[in-house]
Student: 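Would you mind keeping the following structure in view while I ask a few things?
Treat the numbers as computed from the prediction; the structure is a model and nothing was measured.
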Amino acid sequence: MLLEVAHNSGVITTQEYAEFQNAGYMGLYGGLTVDDIHKKKNLKDKEKILDFMGSEELAANLFRITQTEAKLKRENIKTKQKANQTHYTVGTTVRKAIKDIGGTMPEDLPRPEKSIKQIEKEQLKRLKDKKTKLMLDE
């Protein structure tokens with residue numbers, strides 16, 4: 001959904017979307033770029049940052065994403081520059097909220113040993129092997 005809303009806000013090309021995404025990460029991660037986060041988490045080029053987050057970090061990022069989407073729509077933002085600034089500002093606001101409640105900054109949270117895709121694959125295999133029904137709380 002964020003991609004569509006960003007597009008409607010003037011973020012058109014793949015490069016522009018990368019810059020838009022980078023702005024949001026920089027806001028939330030205290031100036032760290034996507035490349036910086038990749039290095040800090042020891043991720044390979046094709047691995048996605050969102051796939052290697054624990055629940056606390058993922059929740060902060062999802063909040064950043066959903067609130068950016070809502071603000072772009074609500075304020076009817078129509079230029080890529082304003083869209084990038086909005087994403088950055090929302091990221092810094094989420095970061096400030098984390099700081100204000102005494103939380104750990106996202107860049108300081110540990111990287112999970114397994115990606116969400118690895119965990120999903122293992123869980124599906126486990127369920128298939130057991131031939132059990134998936135419980136809602138698993």
Student: So does K44 get a backbone contact from the side chain of E47, meaning a donor-acceptor N/O pair under 3.5 Å?
Tutor: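 Checked: pair present.
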Student: A side-chain contact here means heavy atoms from C-beta on lying under 4.5 Å apart; do K96 and K99 qualify?
Tutor: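 Sidechains of K99 and K96: no contact.
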Student: Working to the nearest 0.5 angstrom, can you tell me the gap between T68 OG1 and L2 CG?
Tutor: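 Going from OG1 on T68 over to CG on L2, the span is 6.5 Å.
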Student: Do E57 and K41 sit within salt-bridge range, that is, some charged N less than 4.0 Å from a carboxylate O?
Tutor: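 Answer for the salt bridge query: yes.
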Student: Could you tell me the separation between the CG atom of L72 and the NE2 atom of H87, rounded to the nearest 0.5 Å?
Tutor: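 Separation between the atoms: 8.0 Å.
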Student: Are K125 and D129 close enough for a salt bridge, meaning some N to O gap below 4.0 Å?
Tutor: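 Yes.
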Student: Cluster question for you: counting only ILVMFWY and a side-chain heavy-atom cut-off of under 4.5 Å, with indirect links fine, are L124 and I119 together?
Tutor: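 Looking at the clustering, I119 is in a separate group from L124.
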Student: Using side-chain heavy atoms (C-beta onward) and a distance below 4.5 Å, is I98 in contact with L28?
Tutor: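 Heavy-atom side-chain distance check passes, below 4.5 Å.
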Student: As a test of understanding, state which of K40, H38, Q21 forms a side chain to side chain contact (heavy atoms under 4.5 Å, CB included) with I49.
Tutor: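 Of K40, H38, Q21, side chain to side chain contact (heavy atoms under 4.5 Å, CB included) with I49 is met by H38 alone.
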Student: Are the charged groups of K73 and E69 less than 4.0 angstrom apart, N to O?
Tutor: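 Counted as a salt bridge, because a side-chain N and a carboxylate O are separated by less than 4.0 Å.
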Student: State, to 0.1 Å, how close R126 and Q123 come at their nearest heavy-atom pair, and which atoms those are.
Tutor: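 So the minimum-distance heavy-atom pair works out to NH2-OE1, 2.8 Å.
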Student: Taking atom types as modelled and ignoring hydrogens, do the side chains of Q85 and Q81 form a donor-acceptor contact shorter than 3.5 angstrom?
Tutor: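 Q85 vs Q81: no donor-acceptor pair found between side chains.
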Student: Under a 4.5 Å cut-off applied to non-hydrogen side-chain atoms, are Y25 and T33 in contact?
Tutor: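 Heavy-atom side-chain distance check fails, nothing below 4.5 Å.
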Student: Quick check: closest heavy atoms across N22 and V34, and the distance to 0.1 Å?
Tutor: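 Closest pair (atom of N22, atom of V34, distance): OD1-N, 2.7 Å.
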Student: To the nearest 0.5 Å, what is the distance between CG (L109) and CD (E56)?
Tutor: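 Spacing of CG (L109) from CD (E56) equals 4.5 Å.
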Student: What's the shortest heavy-atom distance between R64 and N61, and which atoms?
Tutor: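 Residues R64 and N61, closest heavy atoms: NH2-OD1, 2.8 Å.
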Student: Please report the shortest heavy-atom distance between F20 and A6, naming the atom on each side.
Tutor: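 The pair with the smallest heavy-atom distance is CE2-CB, 3.7 Å.
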Student: Measuring from atom OH of Y88 to atom CE of M26, what distance do you get when rounded to the nearest 0.5 angstrom?
Tutor: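 With rounding to 0.5 Å, OH (Y88) is 6.5 Å from CE (M26).
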Student: Run Q118 and E113 through side chain to side chain contact (heavy atoms under 4.5 Å, CB included) and show every step you take.
Tutor: CA-CA 10 Å; Q118 290 169 305; E113 291 193 22; over 6 Å; no
Student: Cluster question for you: counting only ILVMFWY and a side-chain heavy-atom cut-off of under 4.5 Å, with indirect links fine, are M53 and I116 together?
Tutor: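 Different clusters: M53 never reaches I116 through Ile, Leu, Val, Met, Phe, Trp or Tyr contacts under 4.5 Å.
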Student: Are a donor atom and an acceptor atom from the side chains of N84 and K82 found within less than 3.5 Å of each other?
Tutor: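 There is no such pair between these side chains.
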Student: Looking only at non-hydrogen atoms, find the nearest pair between P112 and G54 and report the distance.
Tutor: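 For P112 and G54, the tightest heavy-atom pair comes out as CG-N, 3.5 Å.
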Student: Before accepting this row, confirm whether a basic side-chain N of the pair R95/E107 lies closer than 4.0 Å to the acidic partner's carboxylate O.
Tutor: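 Between E107 and R95 there is a salt bridge, with a charged N closer than 4.0 Å to a carboxylate O.
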Student: Are E19 and K80 close enough for a salt bridge, meaning some N to O gap below 4.0 Å?
Tutor: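 Looking at K80 together with E19, the answer is no, because their closest N to O distance does not fall below 4.0 Å.
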Student: Does any non-hydrogen side-chain atom of R111 lie less than 4.5 Å from one of L43?
Tutor: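 Side-chain contact under 4.5 Å: yes.
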Student: Taking atom CG of L32 and atom CE of M105, what is their separation to the nearest 0.5 Å?
Tutor: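 Answer for the CG-CE pair, L32 versus M105, is 12.0 Å.
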Student: Verify the cluster assignment for L62 and Y29: are they in a single hydrophobic cluster under the rule of side-chain heavy atoms below 4.5 Å apart?
Tutor: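 Yes, L62 and Y29 fall within the same hydrophobic cluster.
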Student: Is the number of heavy atoms from other residues, nucleotides or ligands within 6.0 Å of OH (Y17) greater than 12?
Tutor: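 Counting other residues, nucleotides and ligands, OH of Y17 exceeds 12 neighbours.
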Student: Nearest 0.5 Å, please: how far is NZ in K71 from CD1 in I77?
Tutor: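 So the CD1 of I77 and the NZ of K71 are separated by 6.5 Å.
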